[in-house]
Number of protein chains: 2
Amino acid sequence: MIAPADDTLPTNGDRPKSITLKDVARLAGLSPITVSRALHNPRLVKPDTIARVKEAAAAMGYIPNMLAGSLTTKRSQLIAAIVPQLSNSMFAETVQGLNDELSAHGYQLLLSVSNYSRQKEEDLLTAILSRQPDGIVLTGIHHHPGVRKKLLATGVPVVEAWDLTPSPIDIAIGFSQERVGEKVAQYLLSKGYKRFASICARDERANRRRLALEAELERHGVVPVATHLATPPTVMNLGREGLRAILAEGHAPDVVVCSSDVLAQGALVEAQAQGIAVPETLGIMGFGDFDFAAYTHPPISSVHVDKRAIGVQAARALIAKIEGEAPAGNVVDVGFNLVERGTTRQIG
Amino acid sequence: MIAPADDTLPTNGDRPKSITLKDVARLAGLSPITVSRALHNPRLVKPDTIARVKEAAAAMGYIPNMLAGSLTTKRSQLIAAIVPQLSNSMFAETVQGLNDELSAHGYQLLLSVSNYSRQKEEDLLTAILSRQPDGIVLTGIHHHPGVRKKLLATGVPVVEAWDLTPSPIDIAIGFSQERVGEKVAQYLLSKGYKRFASICARDERANRRRLALEAELERHGVVPVATHLATPPTVMNLGREGLRAILAEGHAPDVVVCSSDVLAQGALVEAQAQGIAVPETLGIMGFGDFDFAAYTHPPISSVHVDKRAIGVQAARALIAKIEGEAPAGNVVDVGFNLVERGTTRQIG
DNA sequence: CTGTTAGCGCATTCAA
DNA sequence: TTGAATGCGCTAACAG
């Protein structure tokens, strides 16, 4: 006889009954709370007893149920992070750094990907909060209005990463996108470039860099000739297409600023395919200082950011806050460095 | 007066009291269970009541506590994954695919990084199991003995990704490392290469590909001239160093097989720095078909694997199993393709 | 040092 | 269609 399909999903009732603290306690001839203490607070328990408990726990293959534990302690040892994208992006390294540092301190990482959508970010946040994380890492400082509200209502420690703001939800760790734009503008102007084009991902931070660059150009009386927007995921071919489109529209930039080294490599490939000399006829500027940037021909001038450090510092800041340490400032600037390489002119 | 520092961590008691089902029920003038049903099982509740509940929940900013929910339902909507590495690796794409598919089905991802250590993998697994995940994704098929034991004891659905085996713990989704090694050997032999060197990450799967390659060579009476092992993280520079070391030891390979395109690009850079003609004097073979591989000079011959699909399929297989669908086979071969490009000779 | 009691927030089971 | 009682597995608080 087949059971009618209800609303209810199968409960995996075929899984082995799980072994609980009570079971271990019984085997060890102790009370459950003593077992709990032996496992998590050994100094409160006689060494002798600890040994007995450990033996019993090992014998039964006991695995604590953290859901139950967290329900009473109000601490989940969970940190949630939302990044816009993982593959082909700068964020994988940040996530790795975050995870490494969390892991070293006994925390685990709940990871979500927003796909550059604020709405998705907010939806994810709701789901995340229901798991009672001890801390949250968001990417960027611009969010759906509900995000800030919910976060403040729950009071979870929050790091906004990859950007700076004077008024973070809680803590901000990153660098100023605007200053990157300005510095890049100043650098390229100093090299004599005059006709600026951009290939920019449809990404909030990338766009702010671009706008700051354009503002700085304007201050020097220079008007950008063309902008091409590329929809993430940021694969190299978008850089090729971007440059091709700009040229096809009849623009003749003498430098193209890309929001990622990945796009810059694409632009470089396209320039070479069209027989355009880089950096003589066309300069190319990247961003992110990816591993490969130093090894293309010519190597890509870029902006270096310590992507991993952002993750590590985010973890540290959250853990410090969770564990009640004195806050060490709620805005951390990790800075950036302009890296001059072969895709921009070496002349002064 | 300052409280003495105990064992106990601060309990974040300063956080706002959280709003529970009971609070919402009180406001709506209903019982908690009705509120629960209105939220999760609306067909059991009068539309009118649902509206009242939703209004009350929204008004109070209610966020369900999933820890409590999962404690009774025995379902966590959580899938855990352990990958060897995230940055500079093939796994970021798999994780992205996994996450996208999980997210679309209401699951969340708990991510851990083993750093290529079996011991770490096993430690992570213990921590993971304590969160009662509905499913687990491991990388590879070779684990610490405790891993299989624990997994079988708990009975969680498990996918072993990026490899194949006739005897998976539960489900395997990947491709045969051995067949990759053989195919690469056959291909390079067919191109007339005779003196084989390897630059191989200290990674179990990479090594199995290498060993299979060498076995195949041996079957054709060819003995490899040199092997260089590189400790992850697999950054490009390790490829440069690898080739430099091989040449410095006096070997004169006519082809070097790399366990990743990242290493291959490094080897390519080093070869060019030393004025060695690629592919005429030295062939270079990569693995992974990374985005950049098609755009180096010359472009890197590689082995294409659908990294993202592995993640997507892992998610699907787990969800199907969790939700009680009929299993569609517990070993899925996603295959691979050899991609011939400019770093290997075009002659037959 | 160890145990008892109680409750975390929710959903299952049974009853109305 | 709604509600009451109960327990998931664990630990905080308070004994002893």
Side-chain angles (χ1 to χ4, degrees), chain A residues 6-13 15-26 28-53 56-57 60 62-77 129-132 154, chain B residues 3 6-13 15-26 28-53 57 60 62-77 129-132 154:
Chain A
D6 251 25
D7 281 340
T8 50
L9 292 165
T11 64
N12 262 40
R15 284 213 209 157
K17 271 262 116 28
S18 68
I19 288 138
T20 73
L21 211 50
K22 213 154 128 187
D23 300 321
V24 178
R26 188 163 23 219
L30 291 162
S31 74
I33 185 67
T34 303
V35 174
S36 168
R37 286 197 276 245
L39 263 22
H40 304 304
N41 243 329
R43 13 170 110 190
L44 302 179
V45 179
K46 198 163 54 171
D48 205 42
T49 315
I50 296 176
R52 247 202 305 162
V53 167
M60 306 189 74
Y62 170 64
I63 292 175
N65 183 331
M66 219 174 167
L67 299 184
S70 298
L71 189 57
T72 67
T73 59
K74 309 279 179 211
R75 299 186 76 266
S76 59
Q77 303 281 102
L129 286 174
S130 72
R131 294 201 192 263
Q132 320 291 114
T154 61
Chain B
D6 250 24
D7 282 340
T8 50
L9 292 167
T11 64
N12 262 41
R15 280 212 213 159
K17 273 262 114 30
S18 67
I19 288 140
T20 72
L21 212 49
K22 214 156 129 185
D23 300 320
V24 177
R26 190 164 18 221
L30 292 162
S31 74
I33 183 63
T34 303
V35 174
S36 168
R37 284 197 276 244
L39 262 24
H40 304 304
N41 242 331
R43 15 170 110 187
L44 302 180
V45 180
K46 200 163 51 171
D48 204 42
T49 316
I50 296 177
R52 248 199 307 161
V53 166
M60 307 191 73
Y62 170 64
I63 293 175
N65 184 331
M66 219 174 166
L67 299 183
S70 299
L71 189 57
T72 65
T73 58
K74 310 282 180 210
R75 300 186 77 266
S76 60
Q77 304 280 103
L129 286 173
S130 73
R131 294 200 193 263
Q132 319 292 115
T154 60

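We name chains A, B, ... by the order of the sequence lines, and we start the count at 1 in each one.
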Query raised in the report: Could you go step by step and tell me if B/R131 and A/Q77 meet the side chain to side chain contact (heavy atoms under 4.5 Å, CB included) rule?
Result: CA-CA 10 Å; B/R131 294 200 193 263; A/Q77 303 281 102; 3.6 Å; yes
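For B/T34 and D/dG3, the shortest distance from a side-chain N or O to OP1 or OP2 is below 4.0 Å.
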Check nucleotides 8-11 of chain C against the protein and report each pair of N or O atoms closer than 3.5 Å, with its distance, or say if there are none.
{"unit_1": "C/dC8", "atom_1": "O3'", "unit_2": "A/K74", "atom_2": "NZ", "d": "2.8"}
{"unit_1": "C/dG9", "atom_1": "OP1", "unit_2": "A/K74", "atom_2": "NZ", "d": "3.2"}
{"unit_1": "C/dG9", "atom_1": "N2", "unit_2": "B/A68", "atom_2": "O", "d": "3.3"}
{"unit_1": "C/dC10", "atom_1": "OP1", "unit_2": "B/Y62", "atom_2": "OH", "d": "2.4"}
{"unit_1": "C/dC10", "atom_1": "OP1", "unit_2": "B/N65", "atom_2": "N", "d": "3.2"}
{"unit_1": "C/dC10", "atom_1": "OP2", "unit_2": "B/L21", "atom_2": "N", "d": "2.5"}
{"unit_1": "C/dA11", "atom_1": "OP1", "unit_2": "B/H40", "atom_2": "NE2", "d": "3.3"}
{"unit_1": "C/dA11", "atom_1": "OP2", "unit_2": "B/S36", "atom_2": "OG", "d": "2.3"}
{"unit_1": "C/dA11", "atom_1": "O4'", "unit_2": "B/T72", "atom_2": "OG1", "d": "2.8"}

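In this structure, B/K46 places its NZ atom 10 Å from P of D/dG3, rounding to the nearest Å. In this entry the distance linking CZ of B/R26 with P of D/dT2 reads 20 Å, nearest Å. In this entry the distance linking CG of A/L39 with P of D/dG9 reads 16 Å, nearest Å.
Not one N or O on the side chain of B/R37 forms a donor-acceptor pair closer than 3.5 Å with the backbone of B/V45.
In this structure, A/T20 and A/D23 have side chains that are in contact, with non-hydrogen atoms separated by less than 4.5 Å.
Residues forming a side chain to side chain donor-acceptor pair (under 3.5 Å) with B/S31 (at least two apart in sequence, or on another chain): B/T34. With sequence neighbours excluded, no residue forms a side chain to side chain donor-acceptor pair (under 3.5 Å) with B/S36.
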Report all side-chain donor-acceptor pairs from residues 62-71 of chain B shorter than 3.5 Å, counting only partners two or more places apart or in another chain.
{"unit_1": "B/N65", "atom_1": "OD1", "unit_2": "B/L67", "atom_2": "N", "d": "2.8"}
{"unit_1": "B/N65", "atom_1": "OD1", "unit_2": "B/A68", "atom_2": "N", "d": "3.3"}
{"unit_1": "B/S70", "atom_1": "OG", "unit_2": "B/M66", "atom_2": "O", "d": "2.9"}
{"unit_1": "B/S70", "atom_1": "OG", "unit_2": "B/R75", "atom_2": "O", "d": "3.0"}

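Closest of all the heavy-atom pairs between A/S76 and A/Q132 is OG-O, 2.6 Å. Nearest heavy atoms, B/V24 versus B/A57: CG1-N, 3.8 Å.
Closest to the side chain of A/L30, out of C/dC1, C/dG3, D/dA4, is C/dG3.
Take the nearest nucleotide of DNA chain D for A/P32 and for B/G29: the residue whose nucleotide is more 5' is B/G29.
Rounded to 10 degrees, the angle between the two end axes of the helix from C/dC1-D/dG16 to C/dA16-D/dT1 is 30°, with five pairs used at each end.
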